[in-house]
Amino acid sequence: MHIPLLLIFSILPGPTQMLAQAPVEANGYARLTSYEEIQAFLHRVENAPGIRVRHIARTMSGRNVSLVSITRTPPFGGDRRRLRVLLFAQQHGDEPSGKEALTMLIARAASGMLDSILQSLDMLIVPQVNPDGAELRQRRTAEGIDLNRNHVLLSSPETKALHDVFWEWLPEVTMDIHEYASFGTDWEEAGYIKTADVQLGMLTNLNTSDSIRTLQHERIAPFIHEQMRQHGYLFHEYIVGSPQSYIRHSTTEINDGRQSFGILGTVSFIQEGRRWRSLEDQLERRTKTQLASVEALLRWCAAHAEDVRRIVERERHALHVWAHRTVALRMDHVSGTKQMVIPVQDVKTSKDTLWRVHPYRGEVHLLQAVTLPSFYLIKPQDTAIVQLLLGHHITIETVRREMNMRVAVYHVDSLGTSVVEGDTLPLPLVRKDTTTMRVHPGWF
C-alpha cells in the first residue's frame with residue numbers, strides 16, 4: 001500500500017503558495033520512493049509557478065524518464081542570460097539516495113524555499129534516469145546496460161535523452177549523482193571503513209578545460225566542503241580503489257555522465273553519497289547529505305553566476321576550432337606531489353579517525369595523443385558511425401561531387417593490450433599511409 005503524497009496548499013497574502021513534501025519525507029524515510037510515487041509527485045508539483053514536467057524517454061519496460069524544469073521567469077529558456085544547471089540521479093538503479101534528494105529539492109523549489117537561488121539560475125532536473133533498474137533494485141537497466149558507461153555509444157534511450165536535453169539548453173553546470181560503497185572487503189581487511197557522507201568528483205580528462213578544473217578545485221569544492229562541515233557532515237574528493245592496490249580519482253574516460261559533458265566546456269561534477277549495507281539503511285542521513293551538497297553547489301553557482309558563465313563561454317568558444325590541435329587519447333593516474341587525508345573508521349577500535357591515503361595516484365599522466373585532421377572521411381556503408389556522430393550533434397556534410405583527395409589512412413595491423421586504470425584493455429596497433437583517394441558523391 002502506498003502512503004499518500006503530502007501536498008498542502010495554504011492561502012497566503014498574495015499568490016497561492018504550494019507547500020510540498022517529497023514522498024520520502026512523507027513516509028518518514030522508512031522506505032524508498034517507487035516509480036509510481038515519483039510520477040504522481042511530479043504531476044502534482046507541476047501546478048507550482050515556474051515548474052514544468054515532461055517525459056524525455058521511455059524505457060524498455062515502458063516507464064517514463066521525466067525532466068523537471070524550474071525557473072522564476074517563465075517560460076523556461078526565455079532569458080538566455082540566466083545560468084543553467086542540469087542535475088540528474090540514479091543512473092544506477094541500486095543507488096537511490098540521489099533520487100530522493102532531488103525529489104526533495106524539487107519540493108523545496110515548489111514551496112518557494114529556493115527563491116533566492118533561483119534569482120540567478122534555472123534548473124533542469126532528471127531525478128530518476130534509470131527507473132527500470134530502480135524497480136528491479138539493480139545497477140543496470142532492464143536490458144542490462146550500465147548507463148554510466150553509455151555516454152559515448154548513446155545506445156540506450158535514457159542516456160540519449162540526457163544528451164538531447166544538454167544540447168537543447170546547453171547548461172553551464174552539470175552534476176551526476178551516485179552512491180559509493182563505504183563497506184568493502186578490501187578496505188575492511190586493510191583496517192578501515194570509509195565514512196565520508198559525500199564525495200565530490202571533479203573533471204580528470206586532460207581534454208577538459210584547465211580553467212574549469214581550477215575553478216572546481218580551488219573555489220567550488222572548498223565552499224561545498226565548508227558548508228557540509230557546518231552541517232556536521234563528512235566530505236572529501238571522490239576516490240576509488242583500495243589500500244591493498246592503490247587509490248586514484250575516478251575515470252578519465254568520456255563514456256560517463258561527468259566527462260562526457262565536461263569535454264564540452266561544462267563545469268561538470270560527479271557526486272557520490274555514502275551507501276550503507278542495504279538500500280534502505282540510514283536512508284534519512286544519506287538523502288539529507290546528498291541534498292546538502294547539491295544545495296551548496298547551487299548557492300555557490302547563484303552567487304558567482306557571472307564568473308561561471310564567462311569561463312564557460314570562453315572555453316566553449318575555443319571548441320569551435322579543433323583542426324590540427326593535439327588531444328589526449330589515453331591517460332592514466334600516477335603518483336605525484338599531491339597528498340590526501342580522508343575520514344575513516346578504524347575497524348579494530350570502531351573509532352573515527354583520519355587516514356593519509358597511500359599509495360595515492362593523484363595526478364593524470366598522458367599516455368597517447370593525436371593531432372586532429374581538418375576532417376574525417378566516412379564511406380556511405382558506415383551508417384553506424386554516421387548515426388553515432390549525429391547522436392552527439394556533430395556536423396556532417398555530404399560530398400556533392402567526385403574528386404581526388406590527399407588523405408591519411410590508418411590500418412589496424414594487430415590487436416595488443418594495455419593496462420589503464422587497473423583494467424586490461426584492447427589496444428589497436430596501427431600504421432598510417434598517406435595516399436590519394438578518389439572520393440565519390442554520397443560520402444560523408
Side-chain angles (χ1 to χ4, degrees), residues 2 4-9 15-26 32-59 61-79 82 84-91 93 96 98-115 117-118 121-135 147 157-171 173-177 257 287 290-291 294-295 298:
H2 295 314
L5 300 173
L6 180 58
L7 288 164
I8 306 169
F9 295 84
T16 301
Q17 177 69 63
M18 172 185 287
L19 300 179
Q21 273 192 320
V24 72
E25 295 176 279
L32 302 178
T33 303
S34 70
Y35 164 77
E36 289 79 10
E37 287 176 309
I38 288 180
Q39 292 300 308
F41 167 74
L42 296 181
H43 176 71
R44 297 196 184 191
V45 297
E46 192 174 13
N47 295 316
I51 296 183
R52 293 294 177 267
V53 180
R54 65 182 171 98
H55 304 314
I56 58 173
R58 197 162 180 83
T59 70
S61 299
R63 296 184 176 93
N64 291 315
V65 177
S66 300
L67 170 70
V68 181
S69 59
I70 304 175
T71 183
R72 282 196 63 187
T73 57
F76 190 94
D79 186 353
R82 297 172 66 79
R84 291 175 182 166
V85 180
L86 170 62
L87 307 168
F88 52 101
Q90 208 172 25
Q91 286 199 83
K99 165 198 68 181
E100 307 293 5
L102 289 188
T103 54
M104 286 182 65
L105 186 74
I106 294 167
R108 289 169 64 79
S111 303
M113 300 171 67
L114 303 181
D115 282 357
I117 290 174
L118 293 171
L121 56 81
D122 293 336
M123 292 191 294
L124 297 156
I125 302 175
V126 184
Q128 188 176 49
V129 181
N130 183 9
D132 287 356
E135 294 301 295
L147 294 182
E158 296 92 339
T159 47
K160 178 63 168 60
L162 269 180
H163 282 256
D164 287 345
V165 167
F166 177 88
W167 282 102
E168 180 180 2
W169 299 112
L170 292 176
V173 181
T174 65
M175 177 175 275
D176 177 18
I177 305 174
T287 299
Q290 293 263 39
L291 178 63
V294 170
E295 288 196 327
L298 294 174

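By convention here, the first residue in the shown sequence is residue 1.
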task = Might you point out which heavy atoms bring P127 and Q90 nearest each other, and give the distance in Å?
result = O-CB, 4.3 Å

ask   = Is there a side-chain contact between R72 and R82, using heavy atoms and a 4.5 Å cut-off?
value = yes

request  = Before giving the answer on side chain to side chain donor-acceptor pair (under 3.5 Å), spell out for Q39 and N64 the whole-Å C-alpha distance, their side-chain angles and the decisive distance to 0.1 Å.
outcome  = CA-CA 8 Å; Q39 292 300 308; N64 291 315; 4.6 Å; no

ask   = Can you check whether T159 reaches Q91 side chain to side chain, under 4.5 Å on heavy atoms?
value = yes

request  = Output, in order, the C-alpha distance, side-chain angles, deciding distance and verdict of side chain to side chain contact (heavy atoms under 4.5 Å, CB included) for L124 and W169.
outcome  = CA-CA 9 Å; L124 297 156; W169 299 112; 3.7 Å; yes

message = So which atom in L105 and which in L87 form the shortest heavy-atom distance, rounded to 0.1 Å?
response = CD2-CD1, 3.6 Å

ask   = Quick one: does R63's side chain get under 4.5 Å of R58's, heavy atoms only?
value = no

query = Where do E158 and V129 come nearest, in terms of heavy atoms and distance?
reply = CG-O, 3.3 Å

ask   = Which heavy atom in L86 sits nearest to a heavy atom in P171, and how many Å separate them?
value = CB-CG, 3.8 Å

task = Could you tell me whether a side-chain N or O of K160 sits under 3.5 Å from a main-chain N or O of A57, the two making a donor and an acceptor?
result = no

request  = Rounded to the nearest 0.5 Å, what's the gap from CG on L67 to CZ on F76? Could you check?
outcome  = 7.5 Å

Candidates L114, L42, V53 - the one meeting side-chain contact (heavy atoms from CB on, under 4.5 Å) with I106 = L42

ask   = Tell me, do F41 and T103 make a side-chain contact under 4.5 Å, heavy atoms counted?
value = yes

inquiry  = Between V65 and P131, is there a side-chain heavy-atom distance shorter than 4.5 Å?
reply    = yes

request  = Answer yes if the side chains of T59 and D132 hold a donor-acceptor pair under 3.5 Å, and no otherwise.
outcome  = yes

inquiry  = Once rounded to the nearest 0.5 Å, what's the spacing between atom CZ of F88 and atom CG of L147?
reply    = 10.5 Å

key: Heavy-atom pair of closest approach, residues A20 and V45   = CB-CG1, 4.4 Å

query = How long is the gap from CD on Q128 to CD on E135, to the nearest 0.5 Å?
reply = 6.5 Å

key: Interatomic spacing from CG in L162 to CD1 in I56 - rounded to 0.5 Å   = 5.5 Å

task = Mind checking the CG-CD spacing from L32 to E37? Nearest 0.5 Å is all I need.
result = 10.0 Å

key: Nearest-0.5 Å distance that lies between atom CG in L102 and atom CE in M175   = 9.5 Å

remark   = Shortest non-hydrogen pair, H55 vs S66, comes out as ND1-OG, 3.1 Å

query = Under 3.5 Å, is there a donor-acceptor pair between the side chain of T71 and the main chain of G50?
reply = no

